Amino acid sequence: MNNALKRLFLSSTSMTSAGAIALAEFLPESASLLHLDLTMNNLDLAGVMALSSGLKANHVMRCLDLNIPPGDEEMARCVVLDTLCQMVS
């Protein structure tokens, strides 16, 4: 386990939701990652929800950058509601 990794920039890497799901499995174990940039990738709702689930067990990370496709109201709603729930708990 790398405890020195603070920022991981994976923008424009053609990551799909399968990659995001695999990455989400790492998030609970990450003790040092503060910023994860996944902008400009092809993530769908399944990938975003997996990331959200992985982040619930991670109390270190402070910034997750994502793009929500224009017109994808379901993904936007899920991201906003999940973020609000995490802020309250």
Side-chain angles (χ1 to χ4, degrees):
M1 173 69 60
N2 184 337
N3 288 327
L5 183 64
K6 302 282 186 208
R7 292 173 185 80
L8 184 57
F9 296 97
L10 296 173
S11 179
S12 301
T13 57
S14 301
M15 181 182 291
T16 63
S17 285
I21 291 167
L23 186 58
E25 294 175 5
F26 155 79
L27 291 176
E29 301 171 19
S30 173
S32 62
L33 186 63
L34 299 173
H35 182 186
L36 177 59
D37 183 351
L38 298 176
T39 56
M40 307 304 291
N41 284 296
N42 192 23
L43 305 182
D44 63 13
L45 185 57
V48 172
M49 294 310 294
L51 290 166
S52 175
S53 182
L55 286 172
K56 287 179 183 170
N58 178 307
H59 304 290
V60 177
M61 202 160 111
R62 297 292 174 241
C63 183
L64 172 62
D65 289 327
L66 294 172
N67 287 99
I68 298 174
D72 195 337
E73 293 179 22
E74 181 182 8
M75 185 183 294
R77 187 173 21 259
C78 287
V79 169
V80 169
L81 288 175
D82 197 62
T83 302
L84 290 173
C85 288
Q86 288 185 34
M87 290 173 63
V88 172
S89 58

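Numbers here simply count residues along the sequence, with the first being 1. No experiment lies behind these values; they were computed from the predicted model shown.
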Which heavy-atom pair separates [X] from [Y] by the least distance, and what is that distance?
{"X": "His35", "Y": "Met61", "answer": "N-CG, 4.2 Å"}
{"X": "Ala50", "Y": "Ile21", "answer": "CB-CG1, 3.6 Å"}
{"X": "Asn41", "Y": "Met15", "answer": "OD1-N, 2.8 Å"}

Hydrophobic cluster membership, with links at side-chain heavy-atom distances under 4.5 Å among I/L/V/M/F/W/Y: are [X] and [Y] in one?
{"X": "Leu5", "Y": "Phe9", "value": "no"}
{"X": "Val48", "Y": "Phe26", "value": "yes"}
{"X": "Met40", "Y": "Leu45", "value": "no"}

Return yes if some donor-acceptor pair links the side-chain N/O of Ser17 with the main-chain N/O of Asp44 below 3.5 Å, else return no. yes
Within the distance-only criterion (no hydrogens, no angle test), does the side chain of Ser32 pair as donor or acceptor with the backbone N or O of Lys6 below 3.5 angstrom? no
From [X] [atom1] over to [Y] [atom2], what is the distance, rounded to the nearest 0.5 angstrom?
{"X": "Leu64", "Y": "Leu34", "atom1": "CG", "atom2": "CG", "result": "13.0 Å"}
{"X": "Leu55", "Y": "Leu36", "atom1": "CG", "atom2": "CG", "result": "8.0 Å"}
{"X": "Ser11", "Y": "Asn67", "atom1": "OG", "atom2": "CG", "result": "7.5 Å"}
{"X": "His59", "Y": "Ser30", "atom1": "NE2", "atom2": "OG", "result": "12.0 Å"}

Between the side chains of Asp65 and Thr39, does any donor sit under 3.5 Å from an acceptor? no
For the pair Leu33 and Leu27, evaluate side-chain contact (heavy atoms from CB on, under 4.5 Å) and give the outcome as yes or no after the intermediate values. CA-CA 8 Å; Leu33 186 63; Leu27 291 176; 4.2 Å; yes
